[in-house]
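The structure under discussion appears below in the form of structure tokens.
Bear in mind that the values here come from a model prediction, so they are computed numbers and not experimental data.
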Amino acid sequence: MLLLPDPWWLTALLAAVVLGDAVMSIRPPRFIRDCLNGVRFPREWWWALVVIKLLAAGGLAVGVWIPGIAFAANVGVVCYFIAAAYAHVRVRFVGSEFWVNCLGMLTLASVVLLVSYL
């Protein structure tokens, strides 16, 4: 098992979505601000989420060619959104931001992981 994603384009799609999320998080639009405030994530740590998302997108992109990197990055993205889902449930912030943004991204990352490596 080489741990290269197959089909590769699903991993590339996830990389593009995560990169877009990172870019939007630099100057978060209202729905991202509402989400971060809703889960009570400290504003002084918002920059860390941008770094995490940029690293994840980079790992997914590089991993299309280097065995194991995309797999590890994809697992990291799934874990990130599991933690985000937990944060939402913990504070009972389960409006549309939770169902569309958080669980939508968790579903996308999980599907890419399952389809690309099973």
Minimum heavy-atom separation for [X] and [Y], please, with both atom names.
| X | Y | value |
| --- | --- | --- |
| Tyr117 | Ala70 | OH-CB, 3.3 Å |
| Thr11 | Pro5 | OG1-CB, 3.1 Å |
| Gly59 | Ala73 | C-CB, 3.8 Å |
| Pro7 | Val115 | CD-CG1, 4.0 Å |
| Ala56 | Val18 | CB-CG1, 4.1 Å |
| Ala15 | Ala61 | CB-N, 4.1 Å |

Nearest-0.5 Å distance, CG of residue Leu113 to CG of residue Leu14: 9.5 Å

Rounded distance (nearest 0.5 Å) linking atom CZ of Arg43 with atom CG of Leu36: 9.0 Å

Membership question, hydrophobic clusters at under 4.5 Å side-chain separation (ILVMFWY): are [Y] and [X] in the same one?
| X | Y | value |
| --- | --- | --- |
| Leu13 | Leu19 | no |
| Ile69 | Leu54 | no |
| Ile26 | Leu55 | no |
| Leu106 | Val100 | no |
| Phe98 | Val91 | yes |

Could you check if a side-chain atom of [X] sits within less than 4.5 angstrom of a side-chain atom of [Y], using non-hydrogen atoms only?
| X | Y | value |
| --- | --- | --- |
| Leu60 | Val112 | no |
| Phe71 | Val75 | yes |
| Lys53 | Val23 | no |
| Leu108 | Val77 | no |
| Thr107 | Phe81 | no |
| Asp21 | Val17 | no |
| Phe41 | Trp46 | yes |

side-chain contact (heavy atoms from CB on, under 4.5 Å) against Asp34, all qualifying residues, sequence neighbours excluded: Arg30, Glu97

Qualifying side chain to side chain donor-acceptor pair (under 3.5 Å) pairs with a residue from residues 65-80, counting only residues at least two apart or across chains: none

Intermediate values then yes/no, side-chain contact (heavy atoms from CB on, under 4.5 Å), Val64 and Leu4: CA-CA 6 Å; Val64 170; Leu4 285 172; over 6 Å; no

Test item: His88 side-chain N/O and Val94 main-chain N/O as donor-acceptor pair under 3.5 Å: no

